[in-house]
Number of protein chains: 2
Amino acid sequence: MVLSEDELSILKNLGKAGRRIPAGRDLVYQGQSDKVAYILNSGWAFSYKLLQDGQRQILDFEVPGDFLGLRSILLNMSDHGIEAVTDIEVTELHIDELLEIFSQSPRLMLAVLWAASRDDAMIVEHLIDVGRRSATERMAHYLMELGLRLELVGMADRSGFACPLTQYLLADAVGLSAVHVNRVLRELRENGLLTFRDGCVRFDDYVELSRFAQFDETYLDHSGPRFRQSFLAGLGNLREAG
Amino acid sequence: MVLSEDELSILKNLGKAGRRIPAGRDLVYQGQSDKVAYILNSGWAFSYKLLQDGQRQILDFEVPGDFLGLRSILLNMSDHGIEAVTDIEVTELHIDELLEIFSQSPRLMLAVLWAASRDDAMIVEHLIDVGRRSATERMAHYLMELGLRLELVGMADRSGFACPLTQYLLADAVGLSAVHVNRVLRELRENGLLTFRDGCVRFDDYVELSRFAQFDETYLDHSGPRFRQSFLAGLGNLREAG
DNA sequence: CGGAGGGTTGATTCCCCTCAAAATCAGTGG
DNA sequence: CCACTGATTTTGAGGGGAATCAACCCTCCG
């Protein structure tokens with residue numbers, strides 16, 4: 001599902017004209033209670049959870065076009081923080097406004113639910129990454145996933161993409177040490193699979209890389225939420241119950 | 001949120017009078033396209049994904065009272081299989097019927113969304129398990145989570161619970177080898193934290209165990225989805241768009 | 001009785017972590 | 001222009017946690 005220009009402009013006109021956050025700053029703090037949503041217009045960010053002992057697990061990187069804070073809106077998720085990787089520009093959407101918009105444009109709501117669904121599928125895939133794949137496969141798989149997501153917004157193709165992530169960030173995302181991330185990237189480079197250098201990821205052999213990482217892209221390719229008449233009628237009735 | 005007896009009986013009366021599946025049999029095959037949902041009335045099951053190389057990652061165990069196949073209904077998730085651990089008895093809910101019920105009982109739909117939300121939070125926590133915790137912490141955390149879930153349906157307390165899982169299944173769930181699961185369980189037992197034996201988990205020192213595993217139970221304790229008037233109106237309008 | 005599934009333990013291997021130290025690079029200010 | 005600083009990348013050495021391989025035990029069951 002791709003939103004029309006009209007629909008995107010609805011969202012953009014609605015929010016504050018574009019809030020800017022500098023690199024390294026938190027957009028949302030873990031534990032923050034006022035719920036807001038954002039559309040990431042430019043730059044990269046990531047959502048994370050802090051453990052009691054100070055370790056950090058990055059749940060997902062966010063790239064331009066992504067919705068941030070979905071879980072906070074649709075569901076009562078355990079909370080997490082969001083931090084800017086680069087300078088970013090976001091459109092801030094207050095929930096009330098957003099919900100109002102949904103009532104006017106069901107397609108927009110479908111888009112958001114679709115995004116939430118994809119986020120969920122990605123978390124599952126990351127679970128498999130850290131649970132069942134070697135460090136090298138894991139890194140390859142992760143970077144291919146990022147590439148495909150960026151491809152959808154025209155920021156990547158099968159030859160590679162610009163990537164502002166540090167090896168420390170990648171380490172926190174895939175559950176490795178930064179040192180080992182470096183070794184793994186070298187191995188991938190020396191095997192002619194992919195090159196991570198100077199802020200760019202280059203796929204040196206996409207086909208072979210795909211085989212090596214067991215990358216099955218179908219989990220990113222959903223056709224949209226599945227709703228039917230009676231379900232929607234039920235949702236309507238929630239007005240009295242919610 | 002706890003469903004009333006009336007509401008549970010609505011669900012139970014609706015489905016086939018209780019389908020039985022023997023231990024070890026698949027309830028849902030990975031790749032199966034006809035979408036159905038189930039309520040697990042008795043016995044244990046688990047959802048899993050198979051990798052191309054034959055490895056298996058268990059996404060979650062399901063205990064009595066759980067909804068199965070939620071992701072298939074609400075969202076277009078990447079598909080996964082569901083297998084029975086013990087003999088199980090399920091109530092099969094066809095989506096159409098289920099959606100019809102939702103329109104009559106908004107509370108039921110809230111319950112289902114709440115369950116989906118909790119599933120999501122658990123997957124995130126499992127991601128942290130395998131990414132950031134040692135084998136021993138991971139196992140302790142996982143068994144405490146299971147205990148708390150079972151407590152909600154009266155099948156566990158702070159002293160322990162009956163657990164039909166084999167060490168092989170635990171291994172596939174937490175991303176360890178079966179051999180190492182055994183060693184880890186021995187370590188927990190010798191340290192006086194918990195005992196896994198004869199199909200039972202006994203918490204020998206719940207407080208100390210909780211500290212050791214960094215177990216923060218708030219992620220399991222949601223108050224229900226967060227909806228408002230305008231949002232629900234929007235959902236109603238989806239009738240024309242879905 | 002024999003076989004299968006599950007549990008337990010030991011020996012060995014290896015993947016990845018930790019610690020440590022260069023090398024490179026981007027700013028920053030004198 | 002250059003010294004200084006901090007962040008990042010790179011590489012090496014050593015250690016440890018978990019996998020693998022390989023037994024052996026037990027119980028259950030046809």
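All heavy atoms count here, side chains included; hydrogens, waters and symmetry mates do not. Just so we're on the same page: letters track the sequence lines, and every chain starts at 1.
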Undergrad: Would you say the ring centroid of A:His141 lies under 6.0 angstrom from that of A:Phe212?
TA: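 No, ring centres 6.0 Å or more apart.
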Undergrad: Check the distance between C:dG5's C1' and B:Tyr168's OH and give it to me in whole angstrom.
TA: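 To the nearest whole Å, that distance equals 8 Å.
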Undergrad: Return the value, rounded to whole Å, for the distance between atom CG of A:Asp172 and atom P of D:dT8.
TA: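 To the nearest whole Å, that distance equals 12 Å.
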Undergrad: Hey, could you give me the CZ/CD distance between B:Phe215 and B:Glu137, rounded to the nearest 0.5 Å?
TA: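 If we round to the nearest 0.5 Å, B:Phe215:CZ and B:Glu137:CD are 14.0 Å apart.
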Undergrad: For nucleotides 12-30 of chain D, read 5' to 3', which letter fits each nucleotide if B means a protein heavy atom sits under 4.0 Å from the base, S means only the sugar-phosphate is that close, and - means neither?
TA: BB----BSBB---------
Undergrad: Can you tell me the distance, in whole Å, between the CG atom of A:Asp198 and the P atom of D:dT8?
TA: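 Whole-Å distance recorded here is 15 Å.
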Undergrad: So does A:Trp44 get a backbone contact from the side chain of A:Thr86, meaning a donor-acceptor N/O pair under 3.5 Å?
TA: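 Looks like yes, one N/O pair under 3.5 Å.
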Undergrad: Got a sec: does the CZ of A:Arg158 have more than 12 other heavy atoms crowding it under 6.0 Å?
TA: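 Buried by this count: over 12 neighbours within 6.0 Å.
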Undergrad: Tell me whether A:Arg132 contacts the main-chain N or O of B:Arg56 through its side chain, where contact means a donor paired with an acceptor under 3.5 Å.
TA: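 Checking the backbone N and O of B:Arg56 against the side chain of A:Arg132, a donor-acceptor pair under 3.5 Å is found.
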Undergrad: Which heavy atom in B:Val28 sits nearest to a heavy atom in B:His80, and how many Å separate them?
TA: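 Looking at all heavy atoms of both residues, the shortest contact is CG1-O, 4.0 Å.
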Undergrad: Mind calculating the distance between CZ (B:Arg132) and C1' (C:dC17) to the nearest angstrom?
TA: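 B:Arg132 atom CZ is separated from C:dC17 atom C1' by 12 Å.
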Undergrad: Distance check needed: D:dT9 C1' versus A:Leu165 CG, whole Å only.
TA: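 Going from CG in A:Leu165 over to C1' in D:dT9 covers 15 Å.
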Undergrad: Going through the distances and angles, do A:Asp204 and A:Arg189 end up as a salt bridge (charged side-chain N to carboxylate O under 4.0 Å, His left out)?
TA: CA-CA 8 Å; A:Asp204 296 319; A:Arg189 181 178 353 114; over 6 Å; no
Undergrad: Bend angle of the helix from C:dC1-D:dG30 to C:dG30-D:dC1 from five-pair axes at both ends, rounded to 10°?
TA: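 The helix from C:dC1-D:dG30 to C:dG30-D:dC1 shows an end-to-end axis angle of 30°.
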Undergrad: For B:Glu145 and B:Tyr219, does a side-chain donor sit closer than 3.5 Å to a side-chain acceptor?
TA: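 There is such a pair between these side chains.
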Undergrad: Between atom CG in A:Asn182 and atom P in C:dA21, what is the gap in whole Å?
TA: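 Rounded to whole Å, this separation is 18 Å.
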Undergrad: Is the shortest side-chain N/O distance from A:Gln167 to OP1 or OP2 of D:dA7 below 4.0 Å?
TA: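 No.
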Undergrad: Send over the distance from A:Met139 CE to D:dT9 C1', rounded to a whole Å.
TA: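 Whole-Å distance recorded here is 14 Å.
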Undergrad: In whole angstroms, how far is the C1' atom of C:dG7 from the CZ atom of B:Arg197?
TA: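 In whole Å, C:dG7 C1' lies 10 Å from B:Arg197 CZ.
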Undergrad: Taking only residues two or more places apart in sequence, or in another chain, which ones meet B:Tyr206 in a side-chain hydrogen bond (donor to acceptor under 3.5 Å, both in side chains)?
TA: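 Once residues adjacent in sequence are excluded, B:Tyr206 has no partner under the side-chain hydrogen bond (donor to acceptor under 3.5 Å, both in side chains) criterion.
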